[in-house]
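What you are looking at is a predicted structure, and each value in this text was computed from that prediction instead of being measured. Note: hydrogens, waters and symmetry copies are ignored here, and every other heavy atom, side chains too, is used.
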Amino acid sequence: AALGCALLLPAVLPQDCPSPCRCRSLPEPGALLVDCSSRGLRSVPAVPRRARSLLLHNNSLASVPAGALDGLGHLRQLRLADNPWHCDCGVLYLWLWLQDFSAPALAALRCASPARLAGKPLAQLAGGELGGCARLPPTSCLQFFWRDLVLLAGAIVTLLLVAWALKLSKKLVCQLTLSRRLRRSIPNTR
């Protein structure tokens, strides 16, 4: 029976798993748990795109580089607590990303530095507390904006085309009905 289960679960290839982490397949087809917890990491490793669960808690992470989590569209669980987060402009990407991904995951994170923010939850940070970050959001956030704008424009064009097609079809139905009535009312001369 154990052999049968092993055959059903996709194998985790060594190149799929970042070097200090441990990975294992999950019951969901193609799903992967990436456990990088308690490894003393100072940066986020290259995480496989098929990761469903990513454990990065209890490390030495102070920030997450912009775009580091963007390719993880299948991610369902992320644990980042117990890291010394440095709450300046460098944490802005993580803060924005977690607002969309998981409010509870964001609420679990606390600033370790600078001293005036030590112990404060990241979820409660205000823009002014992030060192006056005057730069634009990370490129990936702007890409989401443009993607959403294009999708919205496409939806509007589609709705307009559907409305035009319905109007045209209604007109055709009226013309066919009128044409049939005219044929019935004209006596057959044969």
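For the pairing with Val44, the side-chain contact (heavy atoms from CB on, under 4.5 Å) check across Asn59, Leu56, Leu80 returns one residue only, Leu56. A side-chain contact (heavy atoms from CB on, under 4.5 Å) with Val34 holds for exactly one of Pro18, Pro45, Ser53; it is Pro18. Checking Leu168, Leu160, Val162 one by one against Trp164, the side-chain contact (heavy atoms from CB on, under 4.5 Å) holds for a single residue, Leu168.
Between the SG atom of Cys36 and the CG atom of Leu55 there is a distance of 8.0 Å, given to the nearest 0.5 Å. Atom OG of residue Ser37 and atom CG of residue Leu54 lie 10.0 Å apart, to the nearest 0.5 angstrom. Taken to the nearest 0.5 Å, the CD atom of Gln77 stands 8.5 Å off from the CZ atom of Phe101. A distance of 10.0 Å separates OG in Ser19 from CZ in Arg39, rounded to the nearest 0.5 Å. Asp82 contributes atom CG, which lies 7.5 Å from atom NE2 of His57 (distance to the nearest 0.5 angstrom). Trp95 contributes atom CH2, which lies 11.0 Å from atom CG of Asp100 (distance to the nearest 0.5 angstrom).
Side-chain contact between Leu78 and Ser102 is absent, with no heavy atoms from C-beta onward closer than 4.5 Å.
Smallest separation of non-hydrogen atoms from Asn83 and Leu61: OD1-N, 3.1 Å. Of all non-hydrogen atoms in Leu75 and Trp97, the two that sit nearest each other are CD2-CH2, 3.9 Å. Among all heavy-atom pairs drawn from Asp88 and Gly90, the shortest one is OD1-N, 2.8 Å. Arg52 and Gly30 make their closest contact through NH1-O, 3.9 Å (heavy atoms, listed as atom of the first residue, atom of the second, distance). Looking at every heavy atom in both residues, Cys87 comes nearest to Leu117 through O-CD1, 3.6 Å. Of all heavy-atom pairs between Trp85 and Leu122, the closest is CB-CD1, 4.1 Å.
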Mind listing the side-chain donor-acceptor pairs of residues 105-114 below 3.5 Å, one per line with the distance, residues two or more places apart or on another chain?
residue : atom : partner : partner atom : Å
Arg110  : NH1  : Gly119  : O            : 3.2
Ser113  : OG   : His86   : ND1          : 2.5

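Using a distance-only test at 3.5 Å, with no hydrogens or angles considered, a donor-acceptor pair links the side chain of Arg49 to the main chain of Gly71.
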